[in-house]
Amino acid sequence: MTTNRTQPVRWQEPHHLSEGKVRQLLTSAPWGRFVVLGDSVAAGAGDHSNGYRSEYWADRVAAMLRTARPGLAYLNLGRRGVAGPQVRSRQLTRALAFRPDLAAIAVGRDDMLGGSFDAEIFAAELSRIIAPLRAVGCDVLTFGLFDISRSRSVPQHRKAALREQVRLLSERTEAVARRHGAIHVDLTTHPAGEDPGLYSKDGNHPTVRGHAIAAASVIHELSNSRSTFSLLRHTSTLAT
């Protein structure tokens, strides 16, 4: 009898997390209320990838967090076509009302592609989104976008300028995140991002495979930061 040795793509992917690895990374994870704010990157967009279920990064992260906290409450406020000011004015109040202890802010794509991107104005707006969440004790995630300039759909003459915009957006986002004690997930320099096949035909979003890699990166960052946050919470409790 012939045995088919070809494995599904998801198991060949070096950045994929098995269920056992997720459980190991999220042992005693403290988060029970997870909210997502942002643009189409938050809402979810991207082409299908063979071997991967059609599920976007935020839903994947919520599902993985539920391996540690089965009762996790999850709210995704992300909407397509919104920039930083709209995220703050339309989503922040609802996010705070949800009483999250973990928030992911995926914003900047539409600011960057809007035609007149001002990195300093964007950074100030992002700070106004993060600060109220941190003020109520919520842990916050921010993101550097995958380098969409590597997409086959981006014309060659636009690649260099777009790559510089992505880099600048990621740098400003990380700087604001560090200033507020947030967790930054750097997808801009992720090795998988060098593969043109990671990007959807629209040239602006990763495929579902990219979403799976992004979700795995989030879980790794949360695992790396968990002990620090636990210590900060413990110290804060002792001080009150």
Side-chain angles (χ1 to χ4, degrees), residues 36-46 56-58 61 76-92 95 103-131 133-134 140-196 198-200 202-207 210-211 213-218 220-221:
V36 178
L37 305 85
D39 53 27
S40 60
V41 176
Y56 299 125
W57 71 268
V61 169
N76 192 328
L77 299 170
R79 293 292 181 271
R80 298 188 180 197
V82 296
Q86 289 74 46
V87 171
R88 180 170 60 87
S89 64
R90 301 174 188 176
Q91 299 176 21
L92 182 57
I105 303 171
V107 65
R109 174 195 167 276
D110 288 305
D111 301 78
M112 180 184 71
L113 299 177
S116 57
F117 177 54
D118 188 312
E120 300 310 319
I121 291 176
F122 167 77
E125 198 63 49
L126 179 61
S127 183
R128 295 186 187 105
I129 298 170
I130 297 176
L133 290 161
R134 296 292 292 135
V140 174
L141 291 157
T142 63
F143 299 85
L145 299 177
F146 281 117
D147 183 2
I148 57 175
S149 72
R150 298 182 183 277
S151 169
R152 296 188 182 99
S153 299
V154 175
Q156 191 64 39
H157 70 275
R158 288 192 58 230
K159 285 184 179 293
L162 183 56
R163 180 172 296 118
E164 177 61 19
Q165 282 188 307
V166 172
R167 182 196 64 77
L168 185 61
L169 175 65
S170 180
E171 285 184 356
R172 290 297 189 277
T173 301
E174 182 174 12
V176 174
R178 300 304 182 203
R179 191 162 67 244
H180 287 282
I183 308 165
H184 184 70
V185 182
D186 179 14
L187 299 175
T188 306
T189 62
H190 196 293
E194 297 179 7
D195 177 9
L198 191 77
Y199 302 97
S200 297
D202 67 4
N204 293 327
H205 299 92
T207 61
H211 281 273
I213 293 170
S217 297
V218 169
H220 276 296
E221 291 295 338

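Only heavy atoms go into these numbers, but all of them, side chains included; no hydrogens, no water, no symmetry mates. Since the structure is predicted, the reported quantities are computational estimates derived from the model, not experimental observations.
Results of the side chain to side chain donor-acceptor pair (under 3.5 Å) test with Thr142 over Arg178, His184, His180 single out His184 as the only residue that passes.
With rounding to the nearest 0.5 Å, the separation of CG in Leu145 from CZ in Arg109 is 8.5 Å. Here Arg172 contributes atom CZ and Asp118 contributes atom CG; the two are 9.0 Å apart, rounded to the nearest 0.5 Å. Atom-to-atom distance recorded for Arg79:CZ and Leu37:CG is 10.5 Å, nearest 0.5 angstrom. Interatomic distance, CZ of Arg158 versus OG of Ser149, reported as 9.5 Å (0.5 Å rounding). In this structure, CD in Glu194 is found 9.5 Å from OG1 in Thr189, a value given to the nearest 0.5 Å. Taking CD1 from Ile105 and OG1 from Thr173, the interatomic distance works out to 10.0 Å, rounded to the nearest 0.5 Å.
Contact between Asn76 and Ala58 at its shortest, heavy atoms only, is ND2-CB, 3.7 Å. Taking each heavy atom of Ala95 and Leu77 in turn, the nearest pair found is N-CD1, 3.7 Å. Taking every heavy atom of both residues into account, Gly108 and Asp39 meet most closely at N-OD2, 3.3 Å.
Inter-residue side-chain proximity for Phe146 and Leu198 is flagged as met; some heavy-atom pair is nearer than 4.5 Å. Side-chain contact between Met112 and Ile148: present, with at least one pair of heavy atoms (C-beta onward) separated by less than 4.5 Å. Residues Asp111 and Glu125 have side chains not in contact (no heavy-atom distance under 4.5 Å, counting atoms from C-beta outward). A heavy-atom distance below 4.5 Å is found between the side chains of Arg150 and Arg163. For the pair Leu113 and Leu162, the minimum side-chain heavy-atom distance is below 4.5 Å. The closest side-chain heavy-atom distance from Leu187 to Ser217 is below 4.5 Å. A heavy-atom distance below 4.5 Å is not found between the side chains of Gln86 and Gln91. Residues Leu133 and Leu92 meet the side-chain proximity criterion, which asks for heavy atoms closer than 4.5 Å.
In this structure, the side chain of Tyr56 does not engage the main chain of Ala42 through any donor-acceptor pair within 3.5 Å. For the pair Tyr199 (side chain) and Asp147 (backbone), a donor-acceptor distance under 3.5 Å is present. In this structure a side-chain-to-backbone donor-acceptor pair under 3.5 Å is present from Trp57 to Val41. Between the Thr207 side chain and the Ser200 main chain, no donor and acceptor come within less than 3.5 Å of each other. Judged purely by atom type and a 3.5 angstrom limit, His211 uses its side chain to pair as donor or acceptor with the backbone of Ala45.
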